[in-house]
2 protein chains.
Amino acid sequence: MDNRPVTERRRTLGALLRLPYEALQREVYGGLAARGFPEIRPAHSAVFRHIGPDGARLTALAERAGMTKQSMAYLVDGLEEAGHLRSAPDPNDGRARIVRLTVRGERVLDALLDLSAEAEARVADRIGKRRAAKLRKALEEWVDAITVASPR
Amino acid sequence: MDNRPVTERRRTLGALLRLPYEALQREVYGGLAARGFPEIRPAHSAVFRHIGPDGARLTALAERAGMTKQSMAYLVDGLEEAGHLRSAPDPNDGRARIVRLTVRGERVLDALLDLSAEAEARVADRIGKRRAAKLRKALEEWVDAITVASPR
DNA sequence: ATCACTAGACAGATTATCTGACGAACTGTC
DNA sequence: GACAGTTCGTCAGATAATCTGTCTAGTGAT
């Protein structure tokens with residue numbers, strides 16, 4: 001049995017992941033807005049995370065992001081309208097569209113990665129370089145354990 | 001400049017927090033469904049996280065959860081309909097309603113905390129006890145740093 | 001040629017959030 | 001007391017981000 005007081009029991013790993021994650025997200029998407037991309041919302045990262053330099057099919061993006069084609073289409077439509085993506089029919093498959101980042105879209109991806117690195121550096125300043133390195137290492141280990149168990 | 005390859009640059013702290021968090025959430029809410037509470041969805045945790053043994057006002061819950069009164073009212077309504085909460089007028093303030101957990105609601109909170117602790121134990125099994133302890137410690141430090149900076 | 005499968009679109013629903021406006025109730029000051 | 005300003009919760013309406021189910025067109029293997 002767990003006899004610790006509720007306030008302590010409530011400090012779950014989930015909460016300890018969620019709070020920093022939300023803080024990070026505020027920093028990164030705030031920074032993105034400040035850099036001239038206020039239209040990019042957190043959900044859009046599902047696209048930027050999984051699109052490669054040669055673009056990808058809608059279905060491939062959806063599968064990698066673990067969501068339905070319809071949901072991914074919704075996100076892609078928004079980004080295409082804002083000029084971050086451009087889609088063209090696949091010459092090898094008449095059913096498929098290939099979605100690619102535009103130059104503007106590549107700038108967003110770059111800004112996203114920059115801002116993330118900056119935010120991580122600030123974390124290291126706050127909690128110490130060693131501790132931040134251990135944090136990253138432990139998370140990487142955990143993510144690897146998850147990923148082999150149920151590949152994305 | 002950051003000259004690491006894109007695949008490595010993409011392994012941001014955000015991603016390293018998000019993936020475990022999502023995995024954890026699946027485990028916990030899956031477990032909750034298995035324990036007979038399939039109607040509890042992740043968003044509802046905003047209520048369980050912030051309600052105390054003596055209940056709370058809607059407005060207080062909303063503020064603690066960092067959302068609008070309207071959004072919190074939506075979540076509370078759902079939980080009240082499902083019998084996890086019961087709300088009564090505040091005898092000291094005619095405007096206010098006090099929302100309290102029912103016995104069923106308390107069982108949910110208990111299950112939530114149990115499942116979280118179990119999930120954390122499984123993480124320790126996977127990545128090692130020492131590493132898991134360091135992970136928790138680093139996250140606690142980070143959360144504390146966030147919380148003093150912008151108290152919730 | 002046909003037939004099973006796949007890519008993406010369309011229609012419609014659900015969940016979880018928001019903003020703005022509002023009436024009722026409380027609180028402090030005159 | 002009366003009045004002004006604040007706070008509590010609700011209503012109406014909108015938006016974001018997801019889902020299921022159905023459909024057409026295209027592919028590919030027999």
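To find a chain, count down the sequence lines: A is the first, B the second, and so on, and within it residues start at 1. Note that this is a predicted model, so its numbers are computed, not measured.
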Trainee: When you compare the side chain of A:Leu85 with that of A:Ile51, does any pair of heavy atoms fall below 4.5 Å?
Mentor: yes
Trainee: Got a salt bridge between B:Arg104 and B:Glu39, using NZ or NE/NH1/NH2 to carboxylate O under 4.0 Å?
Mentor: yes
Trainee: Does any non-hydrogen side-chain atom of A:Arg107 lie less than 4.5 Å from one of A:His84?
Mentor: no
Trainee: In terms of side-chain geometry, is the basic nitrogen of A:Arg126 or B:Glu141 positioned less than 4.0 Å from the acidic oxygen of its partner?
Mentor: no
Trainee: Using atom CD1 of A:Ile98 as one end and atom P of C:dT6 as the other, report the distance to the nearest whole Å.
Mentor: 17 Å
Trainee: Quiz question: by atom type and distance under 3.5 Å, do the side chains of A:Ser87 and A:Arg97 form a donor-acceptor pair?
Mentor: yes
Trainee: Tell me whether the OP1 or OP2 atom of D:dT7 has a side-chain N or O from B:Arg57 closer than 4.0 Å.
Mentor: no
Trainee: Using a strict 4.0 Å threshold on nitrogen-to-oxygen distance, state whether B:Asp93 and B:Arg57 make a salt bridge.
Mentor: yes
Trainee: Where the side chain of A:Thr59 is defined as all heavy atoms beyond and including C-beta, which of C:dA7, D:dC8, D:dT10 is the nearest nucleotide?
Mentor: C:dA7
Trainee: If each of A:Ala60 and B:Pro42 is mapped to the nucleotide of DNA chain C with the nearest heavy atom, which maps nearer the 5' terminus, i.e. the 5' end?
Mentor: A:Ala60
Trainee: Measure CZ/A:Arg97 against C1'/D:dA25 and give the value in whole Å, please.
Mentor: 15 Å
Trainee: Determine, for B:Asp144 against B:Lys137, whether the closest basic-nitrogen to carboxylate-oxygen distance falls under 4.0 angstrom.
Mentor: no
Trainee: Report the distance from atom CG of A:Leu61 to atom P of C:dA9, rounded to the nearest whole Å.
Mentor: 12 Å
Trainee: Please report the interatomic distance CD1(B:Ile98) to CG(B:Asp90), rounded to the nearest 0.5 Å.
Mentor: 4.0 Å
Trainee: For every nucleotide of nucleotides 17-27 of chain C, 5' to 3': is a protein heavy atom under 4.0 Å from its base (B), only from its sugar-phosphate (S), or from neither (-)?
Mentor: BBBBB--BBS-
Trainee: Are B:Arg9 and A:Glu120 within salt-bridge range, i.e. N to O under 4.0 Å?
Mentor: no
Trainee: Rounded to the nearest Å, what distance is computed from the CD atom of residue B:Glu63 to the C1' atom of nucleotide D:dT6?
Mentor: 14 Å
Trainee: Under a cut-off of 3.5 Å for both distances of each Watson-Crick or G-U pair, what dot-bracket string does DNA chain C give, using [ ] for crossing pairs and | for inter-strand pairs?
Mentor: ||||||||||||||||||||||||||||||
Trainee: In whole angstrom, what separates A:Glu39's CD from D:dT15's C1'?
Mentor: 17 Å
